[in-house]
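Reading through the structure tokens given below for one structure.
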Amino acid sequence: MSKSEIRSSQLLTTFGPGAMMDLPDGSVVIGGLDNWQYPAGSIPLVEEPRLVAKLRKRLEKPTLVLRTPPASSDDPTVGKPGIVVWRFPRWFLVQNPEPIAAGNGNRRPLVPESKLDNGRYRDGDKKHDVVPVRFVRACQHGHVDDIDWPAFIHGYAGGCGGSLHLEERSTTGALVDVWATCSCGAKRSLAQAAVKGSKALGLCSGARPWLGSYSHETCNLHGRLLIRSASNAYFSQTLSVISIPDRKSPLDEVVKALWDDGLSVVQNNPALLSAMRQIPKIATRLAGVADADVLAAITRVGQGVAQIAERPVKEVEFEAFAEAADEMGSDQPDGDFFARALPKEIWEAPWMAAIQRVVLVHRLREVVAQVGFTRFESLGADINGELPDELSLNVKAAPLARDADWLPAVENRGEGVFLLLDPAALVDWLQRPAVASRGRLLDAGFSAWKAAHPNSTREFSGLPYYLLHTFSHLLMTAISLDCGYPASSLRERIYALPAEGGKPARFGLLLLTSSSDAEGTLGGLVEAARRIREFVRRALELASLCSNDPVCAHHHPQAHDHAPLLGAACHGCVLVPETSCEQRNEFLDRALVVPTVESTGAEFFKGP
């Protein structure tokens, strides 16, 4: 198969292990981590102690590390770095359509790979091109396999050995018009396999083709029809953190960076420090530092590695943004993280009264690691930035490898703007009867969703999250029209931290843009943030009236269960590209942000 290339960041999102992908000369499934090949003697690691500590605890692998995907190379001295892919599916449609006698459609022979001759189908003296069939079967545990076409057509009563065809009885492509037929006269519509709860495809085979041969496992679920290129065929399960350096102890940061290079063994045997200092990388970073200081730092880091896995991902980030120093004219961004608060006189306005602080994040580093993947429904991080520990959304994450002590990760560098909201204002807002009434309505919608997903461990996000999340979407849309970045390149992180451990409730939001293939971004978002009061005013004005009003404003999630996690929210006002949203366009309601035509009285902002 010819060489094909994709961006490294796509391997953690769209085309990770287990994903199906169309190449110019066929369809494949991306191989697992066991089949990722790196240049000889060069395995690039990603250092991020907070993320590594959490993943080690979650996967119960104390030696787990993060690696960047292998980069392609034309250098013959480094071997053949890259990712192995496996041909899938192994059933094909022959490209010689025949018209159907009765109807406007056509039919094409359906053949297995064993009947191909050098990738083409021989029919007498003629050879015909083939294309992979677009239908496969999968299950909620991530397994995927070819449909047993003879068994499906004959109702699992045994095949007759006749020739098979796939008929398309119209030009719409609808499943009700797609039929699998046999020359014996047996036939079956693909629509029968698409019905929820259908057993038409039989029991799942437990196939995991991305892990190679002999990787099947026992599965007691029934197979579900899946279109290879459908958006629900692959959902990457990732965990991300924003790198927050410890400014109070620079030596600790150095020790953390060298922890997996050998310093971790010194924690239990200090006498090994001298030997570790002989390693060139460690010797360079610790040159001129006394042994006593290094040992003290190793002790602190060793204790901290066990502790940082316990702290919520977003709590550490929120503290860094909320405590950022005031902006100084001569200070310049440096390192992986640089944030400065914008003087209040620059952004102060009546409609900004509920905002306490605006922080310009000139430079940030985000590390994203892939943990697994799901099919049919996503299983991403919750509103606190943590991955769920149990079965959720009726699906289970599939593994990336048979047995690997590493996970793929990428480093994204970029910029952002952080808004800190006044917690007292939110507490007062929550006490209003109209807000409580709106909360009961949204909670009823969540209960309806929960009833449809009985195995889910998801919890109601709470009204503060609805408010911040919706306001974030509105602000993203307003800023994207001016900052030079398209809306799809902007992303959000919502911080709705409850009161606990003697700490009060804390609320904020971060809008960011980042890239894995450049050292930072162009500064357009930070410059736009200097005019944040204009964008907030514009966002509030646009939110008050939707092009789909009054239908949008009067949407009640309890009554309209097609969108039970949405209040007054639709594509005409609040929804953004799913790559920009941390909750896939769920938990949104602009009636909590501004007055709408329904006049619920639950709005937080009174408008400009």
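None of these values were measured; they are calculated from a predicted model.
With hydrogens and angles disregarded, no donor-acceptor distance shorter than 3.5 Å links the side chain of Arg224 to the backbone of Gln140. Side-chain N or O atoms of Lys61 include none that pairs as donor or acceptor with a backbone N or O of Trp406 at under 3.5 Å. Between the side chain of Thr513 and the backbone N or O of Ser489, at least one donor-acceptor pair lies under 3.5 Å. One N or O on the side chain of Asp589 and one on the backbone of Ala568 form a donor-acceptor pair closer than 3.5 Å. Counting only distance, with no hydrogens or angles, the side chain of Arg438 and the backbone of Leu592 share no donor-acceptor pair below 3.5 Å. For the pair Gln583 (side chain) and Asn585 (backbone), a donor-acceptor distance under 3.5 Å is absent. Looking at His128, its side chain never comes within 3.5 Å of a backbone N or O of Val94 through a donor-acceptor pair. When atom types are taken as modelled, the side chain of Ser163 and the backbone of Ser183 share no donor-acceptor pair closer than 3.5 angstrom. Between the Asp549 side chain and the Ala553 main chain, a donor and an acceptor come within less than 3.5 Å of each other. Side-chain atoms of Ser378 never come within 3.5 Å of backbone atoms of Thr374 as a donor-acceptor pair (strictly under, hydrogens ignored).
Considering CD of Gln192 and CG of Leu225, their distance stands at 11.5 Å, rounded to 0.5 Å. Rounding to the nearest 0.5 Å gives a distance of 12.5 Å between CZ of Arg137 and CG of Leu226. Expressed to the nearest 0.5 Å, how far CD of Gln237 lies from CD of Gln370 amounts to 8.5 Å. In this structure, CD1 in Ile147 is found 9.5 Å from CG in Asp145, a value given to the nearest 0.5 Å. For the atom pair CG of Leu166 and CD1 of Ile153, the computed distance is 8.0 Å after rounding to the nearest 0.5 Å. Rounding to the nearest 0.5 Å gives a distance of 11.5 Å between CG of Leu221 and OG of Ser205.
Contact check for Gln37 versus Val84: side-chain heavy atoms found under the 4.5 Å cut-off. With contacts defined as side-chain heavy-atom distances shorter than 4.5 Å, the pair Cys552/Arg590 qualifies. By the 4.5 Å heavy-atom criterion applied to side chains, Glu217 and His141 are not counted as neighbours. Contact annotation: the side chain of Leu12 approaches that of Pro69 to within less than 4.5 Å [non-hydrogen atoms, C-beta and beyond]. Side-chain contact between Phe15 and Ser236 is absent, with no heavy atoms from C-beta onward closer than 4.5 Å. For the pair Val410/Leu11, no side-chain contact is recorded, criterion being any heavy-atom separation below 4.5 Å from C-beta on. A 4.5 Å side-chain heavy-atom check between Cys219 and Leu203 finds every atom pair outside the cut-off. The closest side-chain heavy-atom distance from Pro564 to Lys450 is not below 4.5 Å.
Among Glu492, Glu386, Glu582, the single residue meeting the salt bridge (charged side-chain N to carboxylate O under 4.0 Å, His left out) criterion with Lys314 is Glu582. A side-chain contact (heavy atoms from CB on, under 4.5 Å) with Met20 is found for one member of Val136, Ile227, Ile30, Val85 and no other, namely Val136.
Below 30°, between 30° and 60°, or above 60°: for Tyr466 and Phe587 the angle between ring planes is above 60°, a perpendicular geometry. Between Phe460 and Phe446, the ring-plane angle classifies as tilted under the 30° and 60° cut-offs.
Counting all heavy atoms, side chain and backbone alike, Gly142 lies closest to Ala398 at CA-CB, 4.1 Å. Here the closest non-hydrogen pair linking Leu51 and Val241 is CB-CG2, 3.8 Å. Here the shortest heavy-atom pairing between Ala233 and Arg375 reads O-NH1, 2.9 Å. Here the closest non-hydrogen pair linking Cys570 and Asn548 is SG-ND2, 3.2 Å. The two atoms that bring Ala409 and Leu66 nearest to each other are CB-CB, 3.9 Å, heavy atoms only. Summarising the geometry of Leu474 relative to Cys573, their closest heavy-atom pair is CD2-O, 3.8 Å, with the distance given to 0.1 Å.
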Please walk me through it: do Leu110 and Leu93 pass side-chain contact (heavy atoms from CB on, under 4.5 Å)? CA-CA 5 Å; Leu110 181 63; Leu93 286 177; 3.7 Å; yes
With side-chain contact (heavy atoms from CB on, under 4.5 Å) as the test, would you mind laying out the steps for Arg493 and Ser240 before giving the verdict? CA-CA 11 Å; Arg493 286 179 85 85; Ser240 67; 3.0 Å; yes
Please lay out, stage by stage, how Leu511 and Leu490 fare under the test side-chain contact (heavy atoms from CB on, under 4.5 Å). CA-CA 7 Å; Leu511 302 185; Leu490 297 180; over 6 Å; no
Please report the C-alpha distance between Asn96 and Lys126 in whole Å, then the side-chain angles of each, then the deciding distance to 0.1 Å, and finally whether the side-chain contact (heavy atoms from CB on, under 4.5 Å) criterion is met. CA-CA 11 Å; Asn96 62 332; Lys126 296 182 180 180; over 6 Å; no
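At a threshold of 4.0 Å, the pair Arg120-Asp129 counts as salt-bridged, since one of the basic side-chain nitrogens sits closer than that to a carboxylate oxygen. Salt-bridge formation is detected for the pair Arg122/Asp117: a Lys NZ or Arg NE/NH1/NH2 atom is positioned less than 4.0 Å from an Asp or Glu carboxylate oxygen. Under 4.0 Å is where a charged nitrogen must lie from a carboxylate oxygen, and between Arg584 and Glu586 no such pair does. A salt bridge between Arg228 and Asp22 is present, with a side-chain N of the basic residue lying under 4.0 Å from a carboxylate O of the acidic one.
The aromatic ring centroids of Phe373 and Trp210 lie less than 6.0 Å from each other.
Residues Arg134 and Ser27 bring no donor and acceptor atom of their side chains to less than 3.5 Å of each other.
Counting non-hydrogen atoms of neighbouring residues, nucleotides and ligands closer than 6.0 angstrom, the NZ atom of Lys115 reaches no more than 12 such neighbours.
Seen from the ring of Trp36, Arg67 does not count as a face-on cation partner, given the 6.0 Å and 45° thresholds.
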